[in-house]
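A note on names: the letters A, B, ... follow the listed sequences, proteins ahead of strands, and every chain is numbered from 1. Just so we're clear, the structure is a prediction, and the values are computed from it rather than from any experiment.
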Amino acid sequence: MNPGSAASAGPARTPDTLGTPEPALTDLHGRVTDWFTRSARDLPWRDARCSPWGVLVSEVMLQQTPVVRVLPVWHEWLDRWPSPADLAAEPAGSAVRHWGRLGYPRRALRLHAAATAILERHDGKVPSTYDDLLALPGVGTYTAAAVAAFAFGRRETVVDTNIRRVHARLFGGSALPAPALTAAETKRAVALLPREDALSVRWNAAVMELGAVVCTARAPQCDACPVLDACAWVAAGRPDPEYVPKGQAWAGTDRQVRGAIVAVLRHADAPVPRSLLLNAPVDLGMGASDDGVAVVLPGPLAALHGLRAPTEQLERALEGLLSDGLAEELDHGIRLPG
DNA sequence: TATCCGTGGCG
DNA sequence: TCGCCAAGGAT
């Protein structure tokens, strides 16, 4: 049961992948959490008064999006929708519109669906267990563990990209973790987790923070690291990464076109005619019409047509948005989902 | 499991 | 300048 008490001979050891004696592990816990106490960023979702809903919203917004860009949108959302019921009472398109430019707007859609599910299945209260959280739309293994831990104080094994990188360097001696999460990594994270609930929560938050501000991907600030002397990667002379991360293509992709279309819809106050999305108007003036059909801000529409995307791609991107529920088509045009 | 899904700042 | 990267999830 206790991962660290399985060894037979010699000092108590955590499992093979780690090989760190118990006292050394306790020392690491203390040094990293002490560092966290001293230098943690003051983020609103870390405030003790922040609701579980606020934590859930933050975790979804932070999926693949930096803290600095999340902050203003998070405040706007929590102001506007202080509870899951408040969001669920609105059309899904409202969530997408107020998502701003955080990217991956399907997350807004899923957050709205999660709010609805919370209302229907959990009496409007964010569930506190890993399994119940995992069942919510847009909540995967990371987010379920993070919310259970940070909003409810549960002992969960939280594994995000920051924690993976810290573990890879500190214990694995590698510059970067494997391309995809491995079973061995999860096992190691489980073995490292402090036994006591409150300490495990701080450990999760602290290692994540360490990866976010010190043990960063590109230019790690090793001089500020509380466990520099224990780092296997530094001890090995900071070897280069063992593989080349494949970059994310962008220019000319469907994603780029989808993003441009959603931007148009977000700024439109009425359904936008399909023809206006697919074909560049002869005169790019205001793109507006007279009898209440559509008024489109010129910026996003000009940006869309500025991509010079083939009509076929525009159509494919639009169909994708429609089938994903990020847009809906009415008789007179296309809009965010009502 | 590999791929798709946005956006913008930084080294 | 431009590729890399950011508290992932769903399929």
[X] [atom1] to [N] [atom2], straight-line distance once rounded to whole Å:
X: A:Asp160; N: C:dA6; atom1: CG; atom2: P; value: 10 Å
X: A:Gln64; N: C:dG8; atom1: CD; atom2: C1'; value: 5 Å
X: A:Leu109; N: B:dC4; atom1: CG; atom2: P; value: 21 Å
X: A:Leu307; N: B:dG6; atom1: CG; atom2: P; value: 14 Å
X: A:Arg258; N: B:dG6; atom1: CZ; atom2: P; value: 4 Å
X: A:Asn204; N: C:dA7; atom1: CG; atom2: C1'; value: 12 Å
X: A:Tyr243; N: C:dC5; atom1: OH; atom2: P; value: 8 Å
X: A:Leu62; N: C:dG8; atom1: CG; atom2: P; value: 8 Å

Just to be sure I understand the rule, does [X] reach a base, reach only the sugar-phosphate, or reach nothing, if contact means heavy atoms closer than 4.0 Å?
X: A:Trp99; result: nothing
X: A:Ala146; result: nothing
X: A:Leu102; result: base
X: A:Thr161; result: sugar-phosphate
X: A:Arg101; result: sugar-phosphate
X: A:Thr143; result: sugar-phosphate

At less than 3.5 Å, do the side-chain atoms of A:Arg218 and the base atoms of B:dG11 form a donor-acceptor pair?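 No, the side chain and the base share no sub-3.5 Å donor-acceptor pair.
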Check whether the side chain of A:Glu209 and the base of C:dA7 form a donor-acceptor pair under 3.5 Å.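 Such a pair does not exist between side chain and base.
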Connected-component partners of A:Val159 among ILVMFWY, side-chain separation under 4.5 Å: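 Besides A:Val159, the hydrophobic cluster comprises A:Leu181, listed by chain and residue number.
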Nearest-angstrom distance, [atom1] atom, [N] to [M]:
N: C:dC4; M: B:dT3; atom1: P; result: 16 Å
N: C:dA7; M: B:dA2; atom1: C1'; result: 23 Å
N: B:dG8; M: C:dG9; atom1: P; result: 23 Å

For residues [X] and [Y], is any side-chain donor paired with an opposing acceptor at under 3.5 Å?
X: A:Glu242; Y: A:Ser174; result: yes
X: A:Arg258; Y: A:Thr253; result: no
X: A:Asp86; Y: A:Ser83; result: yes

Under 4.0 Å: is that the gap between some side-chain N or O of A:Arg165 and OP1 or OP2 of C:dA6?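 For A:Arg165, the contact criterion (side-chain N or O under 4.0 Å from OP1 or OP2 of C:dA6) is met.
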It should be established whether A:Thr65 places a side-chain nitrogen or oxygen under 4.0 Å from OP1 or OP2 of nucleotide B:dT7.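 No, no such contact exists.
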Of all the nucleotides listed (B:dT7, C:dA6, C:dA7), which has the minimum atom distance to the side chain of A:Trp250?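 For the A:Trp250 side chain, the nearest candidate turns out to be B:dT7.
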For DNA chain C, whose closest nucleotide is more 5', that of A:Thr216 or that of A:Arg106?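 Comparing both residues, the 5'-ward one is A:Thr216.
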Let me know, please, whether A:Leu43 or A:Pro137 comes out on the 5' side of the other along DNA chain C by nearest nucleotide.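 Nearest nucleotide further toward 5': that of A:Leu43.
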Quick test of your reading of the model: are A:Glu59 and A:Arg107 salt-bridged, counting only N-O distances below 4.0 Å?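 A:Arg107 and A:Glu59: not salt-bridged.
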If you measure from the Lys or Arg side-chain nitrogens to the Asp or Glu carboxylate oxygens, is any gap between A:Asp160 and A:Arg164 under 4.0 Å?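 Answer for the salt bridge query: no.
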Want to settle it: does A:Asp324 or A:Ala180 sit nearer the 5' end of DNA chain B, counting the closest nucleotide to each?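 The residue whose closest nucleotide sits nearer the 5' end is A:Ala180.
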